[in-house]
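Accompanying notes for the structure given below.
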Amino acid sequence: MKHTMASSTFRKAGAVLAVAAALFGSAATLAQSPGGTLTAIVQPEPPILMLGLNQQAPTQYVAGKIYQSLLTYDAQLKPQPSLAKSWKTSSDGLSYTFELQRGVKWHDGKPFTAADVVFSVDKFLRETHPRGRLVINKYIDSVTAINEHTVEFKLKEAFSPFMSLFVVDNMPMVPKHIYDGTDYRTNPANQTPIGTGPFKFKEWKRGSHIVLTRNTDYWKKGQPYLDEIVFRVIPDAASRAVAFEKGDVQLLRGGDVDNVDVKRLRALPNVEMTTQGWEMYAPLAFLSMNQRKPPFDNVKVRQAVMHAINRKFIVDNIFFGMGKVATSPIASTTLYHEKNLPQYAYDLKKARALIQESGVNVGATPVKLLSFPYGSAWERLAEYTKQSLEQIGFKVQIDPADAGGWAKRSGEFDFDLTFNFTYQYGDPALGVARHFLSTNAVKGSPFVNNQGYKNQKVDELFATAAAARTPELRQKLYTEVQTILMNEVANGVLFEIEYATFYPKNVKNLVKTGIGLNETFDDVYFDKK
């Protein structure tokens, strides 16, 4: 079974397009005016830009222009060529072969080859990546360079969502010649990241800006069109909105401004707004309760917490309608979401009864709520949660943290409560299971089973569902696992997030795929007409 843009149908279409380009001077290319600087905002400032070592949202946003993976994904989450131009799958689903693009170079001029793919997946990411290594170590038996431009992946067992694995932050390609034989985490290159993408790292002035500059040796001839991308660091949400209104910034990403400003910004002349580009991620927010110690090691206490929080109030009044109440750890837009699950209506009387049934004195010791440093809405959510829990007997202290501090403390399980949001990655095996598998309660990342949930049955269900070959069987298994997770409040699911992107109408090709603003921006341009 072959999946390739070079199939006979596409070869014929490509020939027609080639002739058309020759006859008409490639009108599409001519319409894309080269030059200009796109100014955006990165909020909060990322701790690092080495995408193989850090996958926080700001890192993904900036580093997605520096690093690339073998594939990208359209709005329907179908794989599209990136560093791989074609691929084929064996009939038993255990072997995948990728043909790589020719003429690709790293930003230091060295050639990108199959050896880099083998190193990236089989060594670097197998060791470092909190999500990727879970799948790599369980399912990928070997990664082999057949020749300089051909790579074969062999699986230990069937893994249905394998072709969805190559999102750039899941499987970024990293240069073997720079990292092989080094301590990956302390390599000096982490401060000056080198990828294959259309933009090269130029400058990072902490607290001020990050500058990426055009890769003149990019493998897509004539691209990128932009000269530079500047990511400004502006701590205050109101100031970020003003910068956009004044034209000092041309791009606002979800979370850059308070949701209360969305309606006003949307009405500005010559401004486009879209909520597209999040299809792969389907972000879902949750309250993580550390189950390694009292009081959250008691399921009735966790259930009480859920009844004490008015999630509709959160969506409507704290996030100003940009989202909807979550009913499962699997987002409603993601495969295998189950609609009919146990739910937790806002009910303080029920919450207090559950606390009494638990036999736990929840006010005996103050619990620390580690703040989530992604803007003022999350600060308000922390205050609201504190007030809600204190109504049922808790004593809550809010611990402030910046992005790096939050990631470090979450990754070391140094919290009682904290917020987080998960990316779904189109399939529960990729984006959801990692938060609940007992084998993934490992220190070092804020995107694993940080709350310390343990259930052998859940482990078994996730493993069986990932290997199942039919959608019907996968749905049955995931329905069962969702029921358990909701009953046990394995994580306190809060709401599915909706993000608005704002940009001037003369900025073109900004959101084209299912990974949206995390794309390379290699074909983004200013319409100068």
Side-chain angles (χ1 to χ4, degrees), residues 285-319 325-326 329 342-374 376-402 405-421 435-436 438 441 443 446 449-455 484-495:
F286 56 86
L287 177 65
S288 188
M289 302 175 238
N290 196 332
Q291 298 172 31
R292 296 173 180 83
K293 55 186 178 180
F296 301 115
D297 58 344
N298 187 299
V299 66
K300 290 187 181 295
V301 171
R302 300 197 299 272
Q303 290 170 344
V305 168
M306 292 302 294
H307 281 296
I309 296 175
N310 188 336
R311 293 176 293 157
K312 189 174 188 308
F313 175 87
I314 291 171
V315 171
D316 292 345
N317 296 282
I318 297 179
F319 287 85
V325 172
Q343 297 300 319
Y344 296 89
Y346 176 56
D347 188 337
L348 287 177
K349 184 177 179 181
K350 177 67 173 174
R352 294 185 183 108
L354 283 164
I355 293 293
Q356 189 170 4
E357 290 174 29
S358 75
V360 178
N361 181 1
V362 296
T365 304
V367 297
K368 293 184 177 182
L369 172 56
L370 178 63
S371 66
F372 192 54
Y374 282 78
S376 57
W378 295 95
E379 293 172 7
R380 290 193 292 270
L381 178 57
E383 290 291 345
Y384 169 77
T385 302
K386 169 181 163 69
Q387 293 169 14
S388 298
L389 297 189
E390 287 180 343
Q391 288 187 75
I392 60 170
F394 284 91
K395 294 179 181 176
V396 181
Q397 297 176 353
I398 297 176
D399 275 0
D402 61 13
W406 172 83
K408 186 174 189 297
R409 288 187 58 185
S410 295
E412 292 178 354
F413 316 144
D414 180 18
F415 66 92
D416 296 320
L417 295 168
T418 193
F419 300 107
N420 201 342
F421 61 84
H435 291 291
F436 304 105
S438 61
K443 289 186 176 182
N449 180 356
N450 301 85
Q451 75 277 16
Y453 174 74
K454 293 181 181 179
N455 187 316
I484 297 171
L485 295 176
M486 289 298 289
N487 273 325
E488 297 188 349
V489 191
N491 251 336
V493 297
L494 297 176
F495 60 100

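Just so you know, these numbers use all the heavy atoms, side chains as well, and skip hydrogens, waters and symmetry mates. Residue numbers count from 1 along this sequence.
- Within the 4.5 Å cutoff, the side chain of V367 has no heavy atoms near those of the Q397 side chain.
- Between the side chain of Y384 and the backbone N or O of I309 there is no donor-acceptor pair closer than 3.5 Å.
- Counting heavy atoms from C-beta outward, F394 and P366 have side chains that stay 4.5 Å or more apart.
- Annotation for F413 and N449: closest pair CE2-O, 4.4 Å, computed over non-hydrogen atoms.
- Between R409 and D399 there is a salt bridge, since a side-chain N of the basic residue sits under 4.0 Å from a carboxylate O of the acidic one.
- Rounding to the nearest 0.5 Å gives a distance of 6.5 Å between CG of L494 and CG of L381.
- The side-chain heavy atoms of V360 and I355, taken from C-beta on, include no pair separated by under 4.5 Å.
- Residues A441 and R292 share a closest heavy-atom pair of CB-NH2, 4.1 Å.
- Closest approach of R380 and I318 over heavy atoms only: NH2-O, 3.7 Å.
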Mind running side-chain contact (heavy atoms from CB on, under 4.5 Å) on L417 and L389 for me, showing each step along the way? CA-CA 11 Å; L417 295 168; L389 297 189; 3.7 Å; yes
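- Side chain of Q303 to backbone of N487: a donor-acceptor contact under 3.5 angstrom is found.
- Aromatic ring centroids of F495 and F319 lie under 6.0 Å apart.
- P400 places none of its side-chain heavy atoms less than 4.5 Å from the side chain of E379.
- Shown here is K386, whose NZ atom has more than 12 heavy atoms of other residues, nucleotides or ligands within 6.0 Å.
- S288 OG to N491 CG: the interatomic distance, rounded to the nearest 0.5 Å, is 5.0 Å.
- The main-chain N or O of H307 is never found under 3.5 Å from a side-chain atom of D347 such that the two would form a donor-acceptor pair.
- Between F436 and N455 the shortest side-chain heavy-atom distance does not fall below 4.5 Å.
- Within the 3.5 Å criterion, the main-chain N or O of A490 finds a donor-acceptor partner in the side chain of Q451.
- Rounding to the nearest 0.5 Å gives a distance of 9.5 Å between CZ of F372 and CZ of F419.
- Residues that satisfy the side chain to side chain donor-acceptor pair (under 3.5 Å) test with K300, not counting sequence neighbours, are E357.
- Taking the charged nitrogens against the carboxylate oxygens, R302 and D297 have no contact shorter than 4.0 Å, which rules out a salt bridge.
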Should L354 and V301 be marked as a side-chain contact (heavy atoms from CB on, under 4.5 Å) after you check the CA-CA gap, both sets of side-chain angles, and the distance that decides it? CA-CA 7 Å; L354 283 164; V301 171; over 6 Å; no
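- Residues satisfying the side chain to side chain donor-acceptor pair (under 3.5 Å) test with K312, not counting sequence neighbours, are D316.
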Mind running ring-ring contact (aromatic ring centres under 6.0 Å, His included) on H435 and Y453 for me, showing each step along the way? CA-CA 8 Å; H435 291 291; Y453 174 74; over 10 Å; no
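- Taking the six-membered ring where the residue is Trp, Y374 and W406 present perpendicular rings, their angle passing 60° and hence far from 30°.
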Evaluate F415 against L369 for side-chain contact (heavy atoms from CB on, under 4.5 Å), listing each step before the verdict. CA-CA 7 Å; F415 66 92; L369 172 56; over 6 Å; no
Should R352 and Q391 be marked as a side-chain contact (heavy atoms from CB on, under 4.5 Å) after you check the CA-CA gap, both sets of side-chain angles, and the distance that decides it? CA-CA 9 Å; R352 294 185 183 108; Q391 288 187 75; 4.2 Å; yes
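- Note: E383 CD to Q387 CD = 6.5 Å, rounded to the nearest 0.5 Å.
- When every heavy atom of A285 is checked against every heavy atom of F421, the shortest pair comes out as CA-CB, 3.8 Å.
- Summarising the local packing, CD of E390 is surrounded by more than 12 heavy atoms from other residues, nucleotides or ligands at distances under 6.0 Å.
- Looking at heavy atoms from C-beta onward, I392 lies in side-chain contact with L348 at the 4.5 angstrom threshold.
- Annotation: cation-pi pair R311/Y346 absent, no NZ/CZ under 6.0 Å from the ring centroid and within 45° of its normal.
- Side-chain N or O atoms of T418 include one that pairs as donor or acceptor with a backbone N or O of L370 at under 3.5 Å.
- We find the CG-NZ distance between D414 and K368 to be 8.0 Å, quoted to the nearest 0.5 Å.
- Closest non-hydrogen pair, A401 versus S371, comes out as N-OG, 3.1 Å.
- Counting all heavy atoms, side chain and backbone alike, Q291 lies closest to V489 at NE2-O, 3.8 Å.
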